[in-house]
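Along the sequence shown, residues are numbered consecutively beginning with 1.
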Amino acid sequence: MAPIQVLTALDQARTQYYHFKAIVIAGMGLFTDSYDLFCIAPVMKIVGRVYYYSEDGGSSPGVTPPAVVSATVGVALLGAVAGNVVFGALGDRVGRRRVYGACLLLMVCSSVGSGFSVCRTRRCALTSLCFFRFLLGVGIGGDYPLSATIMSEFANRRTRGAFIAAVFSMQGFGILVSSTVTMAVAAAFDHYTGHPAPLDTPESADLAWRIILMAGAVPAALTYYWRMSMPETARFTALVERDVVKATNDIGRVLTDLHLDGVAEEAAALRRSTPAPATGRPSYGLFSRRFLRQHGRDLFACAAAWFLLDIPYYSSTLFQSQIYRPWFPPAGNVNAFQEAFNVAKFQAIIAVASTIPGYFAAVLLIDRAGRRRLQMAGFLLMAVFIFALAGPYDRYWRDHAKDAWYIVLYSLTFFSANLGPNTTTFILPAELFPARFRSTCHGLSGAAGKLGALVGSIGFLWASQERGRTGVHAIARQQLPGIGMMYTLFILGGICLLGLALTYAFTPETMMRSLEENEGERAQNQVGDGDGNSDAIAGSRLRFRELDLTEAAKSPASMASSHHSMSPILPHRLSV
């Protein structure tokens, strides 16, 4: 463990302009993530009209087969699984900042590539789309652990949860902008093509969906310079690279009033008292028994909760069509642009009515109610609202989807998820693990979540199909018998209750605690974070535990300058 003077100062620093700048820079990756994942639904409406038109001159518009829709969604999620694991590990090995820009650049290039194809035949265009969607998923997955880790290591402990939640809330704005851009592009093409007839899909429609996809690269590209100009986090530099002076200089360029005099002397004292291990290797690794003993429970709690959450969260799109179908004209009565416009309009309404308010509520409550309580409450409310949809679904909701209560219950499901587990599962892995494992463990947790998303968006898509159902699925000739929507919803509600039980049994609370404090409590009597300095720091850690509570009355500046102890553990009741 490196000296913590700079880390103590970070934990107790006042909220500054750079914190909000970091929220926007880090959140732009999540913004692009939600843009690209949610714009695919209206895009597939246009793709169906362009590439799956009726060659025999039938009276039905072209529909993208469910297998193709599943493929375009699935490859992005598979890429996200790989990206979480690969970029998460790289973030701990070579630094957060060094791979942060590369991750964003991959997202920009693959967003452009998703709309660009060397040919216009159906097979070639869809193959190209799936290929670049996979690369896009890799970039999206990699951005999760890097954004969360960077924000958690920059923030002070008093508002850390709100800052990370604010980064994650950029997803809500990504959904809203995705819908807005789709509606704007669809309306423009509809106007300039003369409002074509429902079954008349102009050639320009093949350009419209490409523009929608490529537009997702613009906001990410605009923040590339600022992302590359961000300094490395002080915790990575000090705890992993063991360069306290550089960490202090880097953080001093962006945060003020830290009062870190004497850091050079402190670093020299550490080097004299803490020689590097003879092997040059950490004392224990990710796959060691010691890691499993100290952090295995937390990793299981984070990964399992994220996996369980994403199954119902991504499955909630299953019954979107049941809601917006009664409110908008049938597909056979509108052209390709109008159909895409209607789908995007519905997504925008849901984002404004439930998704974004849920994120805002999480930002306000995360550092008051705590991560554990919000996660449990979110899982419980999700289960309640899903069961309210499931119970009377076959006998009532199926024929009354235009009922206002149906829309309210559906919206409350999204609100509950974003208020609770959808936000907390992003925050907790960034707070529970040592600095040299933090990005890797967050990536593993995020990968588990994307596997749950695969189960929810593809597996339950087929399970929800009714036996003997007719309509678009029959037209596409891709029907597989399922268990029906009602039983599918019951299963999803049960998964939410399982997430509640798992959170209660395994998830710890991290509110108002420093990152090193969270780690130290799990290590119990085993000191250090495994960077080879554990034994030399043990004595200073014990001295730090003896601090009197009167230190709490000091200002952040005096606290930072007076704490020359090497220990990361702060008194539990110390108020800032």
Side-chain angles (χ1 to χ4, degrees), residues 22-38 76-93 95-108 110-111 133-155 161 163-175 216 220 223 227 233 299 302-307 309-310 313-314 359 362 371 417-418 421-433 437-454:
I23 288 173
V24 176
I25 296 173
M28 200 50 62
L30 280 302
F31 180 99
T32 305
D33 162 22
S34 59
Y35 181 100
D36 291 307
L37 291 181
F38 281 84
L77 294 175
L78 283 175
V81 173
N84 268 287
V85 175
V86 173
F87 280 100
L90 288 175
D92 283 333
R93 282 184 171 272
R96 288 78 158 111
R97 190 190 69 84
R98 292 179 182 177
V99 297
Y100 208 29
C103 183
L104 188 68
L105 189 62
L106 177 60
M107 295 170 66
V108 171
S110 54
S111 292
R133 291 278 297 178
F134 176 81
L135 294 181
L136 178 63
V138 173
I140 288 173
D143 200 79
Y144 272 66
L146 296 173
S147 295
T149 299
I150 286 175
M151 197 67 244
S152 71
E153 294 182 345
F154 268 120
F163 285 164
I164 305 176
V167 170
F168 195 64
S169 71
M170 296 295 285
Q171 281 195 333
F173 294 101
I175 298 172
T223 59
R227 182 169 285 202
T233 67
L299 183 57
C302 293
W306 207 332
F307 175 83
L309 175 275
D310 274 5
Y313 187 78
Y314 280 81
Y359 285 128
R371 289 75 159 138
N418 294 324
N422 194 40
T423 300
T424 56
T425 52
F426 181 78
I427 295 175
L428 283 166
E431 297 182 319
L432 284 172
F433 303 99
F437 294 130
R438 188 167 293 135
S439 179
T440 301
C441 291
H442 195 289
L444 293 175
S445 301
K450 292 308 178 185
L451 289 175
L454 274 171

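Between atom OH of residue Tyr35 and atom CE of residue Met170 there is a gap of 14.5 Å, rounded to the nearest 0.5 Å. Separation of atoms CG (Leu428) and CD1 (Ile164) is listed at 9.0 Å; rounding is to 0.5 Å. Going from atom SG of Cys103 over to atom CG of Asp143 covers 4.5 Å, rounded to the nearest 0.5 Å. Annotation: the span from Ile140 atom CD1 to Thr32 atom OG1 amounts to 8.0 Å, rounded to 0.5 Å. The CG atom of Leu309 sits 8.5 Å away from the OH atom of Tyr313 when rounded to the nearest 0.5 Å. Rounded to the nearest 0.5 angstrom, Leu77 CG and Leu454 CG are separated by 4.5 Å.
Considering every non-hydrogen atom in both Ser152 and Arg438, the closest pair reads OG-CD, 4.0 Å. Here the shortest heavy-atom pairing between Leu299 and Cys441 reads CD1-O, 3.8 Å. What you find for Leu106 and Gly139 is that their closest heavy atoms are CD2-N, 3.7 Å. Residues Ala448 and Phe307 share a closest heavy-atom pair of O-CD1, 3.2 Å. Contact record, Phe168 with Asn422: CE2-O, 2.8 Å, taken as the closest heavy-atom pair. Considering all non-hydrogen atoms of both residues, Phe87 and Gly142 come closest at CB-CA, 3.4 Å.
If you look at Phe173 and Phe31, their ring centroids are not closer than 6.0 Å.
With Thr233 contributing its side chain and Glu153 its backbone, the two residues share no donor-acceptor pair below 3.5 Å. Side-chain N or O atoms of Thr149 include none that pairs as donor or acceptor with a backbone N or O of Leu146 at under 3.5 Å. Judged by distance alone, the side chain of Ser147 and the main-chain N or O of Ala26 form a donor-acceptor pair under 3.5 Å.
Shown here are the side-chain hydrogen bond (donor to acceptor under 3.5 Å, both in side chains) partners of Thr440, two or more places apart in sequence or in another chain: Asp92. With sequence neighbours left out, the salt bridge (charged side-chain N to carboxylate O under 4.0 Å, His left out) criterion links Arg371 to Asp367, Glu431. When the side chain to side chain contact (heavy atoms under 4.5 Å, CB included) test is applied to Pro145, the partners found at least two apart in sequence or on another chain are Asn84, Ser439, His442.
Counting heavy atoms from C-beta on, the side chains of Phe426 and Trp306 come closer than 4.5 Å.
With Gln171 as the fixed residue, the side-chain hydrogen bond (donor to acceptor under 3.5 Å, both in side chains) test singles out one of Asp33, Asn418, Thr423: Asp33.
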- Take Asp36 and Arg133 through the test side chain to side chain contact (heavy atoms under 4.5 Å, CB included) and record every step on the way to the result. CA-CA 9 Å; Asp36 291 307; Arg133 291 278 297 178; 4.1 Å; yes
